[in-house]
Protein chains: 2
Amino acid sequence: MLRDGYAAVTSRSVEAEAGLKLHYHFGTLDDLFIAVVRRRGESNVGLLEDALASPDPIRAWWRLASERRGNALLVELSAAANHRPALRAEVATFAREVRRMQLEALDSLLDDYGIDRKVFPPALVAASLQGLAFASAYDLVAGFDTAQVEASEAMNRLLDRLEKRRGARRKA
Amino acid sequence: MLRDGYAAVTSRSVEAEAGLKLHYHFGTLDDLFIAVVRRRGESNVGLLEDALASPDPIRAWWRLASERRGNALLVELSAAANHRPALRAEVATFAREVRRMQLEALDSLLDDYGIDRKVFPPALVAASLQGLAFASAYDLVAGFDTAQVEASEAMNRLLDRLEKRRGARRKA
DNA sequence: CTGAAGTTAGAGCACACGCTCTAACTCGGA
DNA sequence: TCCGAGTTAGAGCGTGTGCTCTAACTTCAG
């Protein structure tokens with residue numbers, strides 16, 4: 001999937017590559033995709049949980065969100081979900097769950113970071129961070145070259161400042 | 001394309017819907033997609049140019065970037081570009097050009113808005129704004145329901161503040 | 001009215017897909 | 001050793017694709 005794109009995942013290519021009978025073990029192709037989403041999604045929920053509970057939650061979240069392989073996979077799965085309603089529903093479930101976790105975490109974290117929730121409510125922060133990471137990954141996967149490196153370096157510096165501020169505030 | 005997704009754009013469906021012979025008028029299917037990107041892309045470059053030169057440039061840009069139809073089309077075209085190298089190259093050209101325009105505009109605008117370019121350099125601002133808009137559109141198109149409405153309302157309020165600040169600074 | 005240029009209808013080709021089916025194979029327990 | 005459960009190989013079906021091709025139709029200048 002990462003090598004050739006989701007469209008290259010056909011019953012024949014899977015059987016050739018994996019050396020087993022797809023329809024015997026998984027049922028339909030949809031079932032295969034859904035199994036992938038479920039596996040990956042559950043592991044991701046776990047990782048996000050850890051990140052949000054870590055000592056520098058937003059930085060950890062950002063690191064997770066900008067992770068390259070995971071994002072490439074997400075891009076492919078989202079594209080595949082375009083033509084597979086069942087898959088789309090499964091992806092939607094995880095997207096909602098992940099966003100819910102982020103909003104809940106931010107709700108108590110924003111004050112720690114000294115972020116004014118009137119100006120930057122959780123929904124905006126979450127959507128921006130995740131959107132920046134996703135769009136950067138998208139452009140990278142597609143080879144668009146839209147100054148993602150510069151942006152992500154600036155983001156890392158911004159996170160340094162934020163985490164430092166949080167550290168200072170929590171000490172006080 | 002917007003109704004049924006890019007995968008529904010087949011030689012036969014196009015001929016049925018448009019009532020003309022695709023291969024006679026356009027050549028290959030790739031050529032059709034590329035023509036669409038080129039038309040849409042050029043018009044979009046023009047619109048962005050106007051937006052960035054308008055009295056409230058960032059708000060206008062944001063409005064353009066969150067425009068629903070355009071974004072849905074972008075999502076479809078990006079997905080289609082996944083399996084069509086020629087198309088991907090064409091989309092990449094416009095993505096780069098658009099980003100270049102944004103960076104150039106921000107380079108002189110940031111001071112007007114009183115945004116500290118040490119913390120928020122043009123690349124970060126551009127990628128965030130565009131990323132937020134794109135990801136929101138993506139989630140909307142896919143029906144993911146990840147609090148995009150809340151986020152976009154907050155973004156509008158943030159833009160109100162920013163544009164107001166710019167107005168005040170320019171008067172002084 | 002003639003005839004050439006532009007355009008279409010529709011059959012057809014080679015290919016790939018998802019999925020099903022049957023015959024064969026492997027292999028561990030009795 | 002034999003049996004039966006688990007698994008595979010590989011042919012096959014129906015469908016849809018991109019694209020080509022030829023014969024027919026339309027249009028309009030001369």
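Below, read A as the first sequence line, B as the second, and so on, with proteins coming before strands; counting in each chain starts at 1.
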Summary of salt bridge (charged side-chain N to carboxylate O under 4.0 Å, His left out) pairs that have at least one residue in residues 41-57 of chain A, sequence neighbours excluded:
A:Asp56-A:Arg59
Taking side chain to side chain donor-acceptor pair (under 3.5 Å) as the definition, give me every residue that meets it alongside A:Asp145, ordered by chain and number, with sequence neighbours left out.
none
Separation of D:dC19 atom P from B:His23 atom NE2, nearest Å, is 4 Å
Report the residue (A:Glu15 or B:Tyr24) whose heavy-atom-nearest nucleotide on DNA chain C is the more 5′ of the two.
B:Tyr24
Just jot down the side chain to side chain contact (heavy atoms under 4.5 Å, CB included) partners of B:Gln148, sequence neighbours excluded, or say none.
B:Ser136, B:Asp139, B:Leu140, B:Thr146
So which pairs with a foot in residues 23-45 of chain B pass ring-ring contact (aromatic ring centres under 6.0 Å, His included), sequence neighbours left out?
none
Identify the 5'-most and 3'-most nucleotides of DNA chain C with at least one atom closer than 4.0 Å to a non-hydrogen atom of chain A.
C:dC17 to C:dT20
Please write out each protein N/O paired with an N/O of nucleotides 12-17 of chain D under 3.5 Å, distance rounded to 0.1 Å.
unit_1 : atom_1 : unit_2  : atom_2 : d
D:dG12 : O6     : A:Arg12 : NH2    : 3.2

Classify A:Leu22 by what it touches in the nucleic acid, base, sugar-phosphate, or nothing, heavy-atom distance under 4.0 Å.
nothing
Contacts of type side chain to side chain donor-acceptor pair (under 3.5 Å), residue B:Arg3, not counting sequence neighbours:
B:Glu17
Between B:Glu104 and B:Arg100, is there a side-chain N and carboxylate O pair less than 4.0 Å apart?
yes
Does anything in residues 6-15 of chain A pair up under salt bridge (charged side-chain N to carboxylate O under 4.0 Å, His left out), and if so which pairs, sequence neighbours excluded?
A:Glu15-A:Lys21
According to ring-ring contact (aromatic ring centres under 6.0 Å, His included), does anything in residues 73-119 of chain B pair up with another residue at least two apart or in another chain? List the pairs.
A:Tyr6-B:His83, B:Tyr6-B:His83
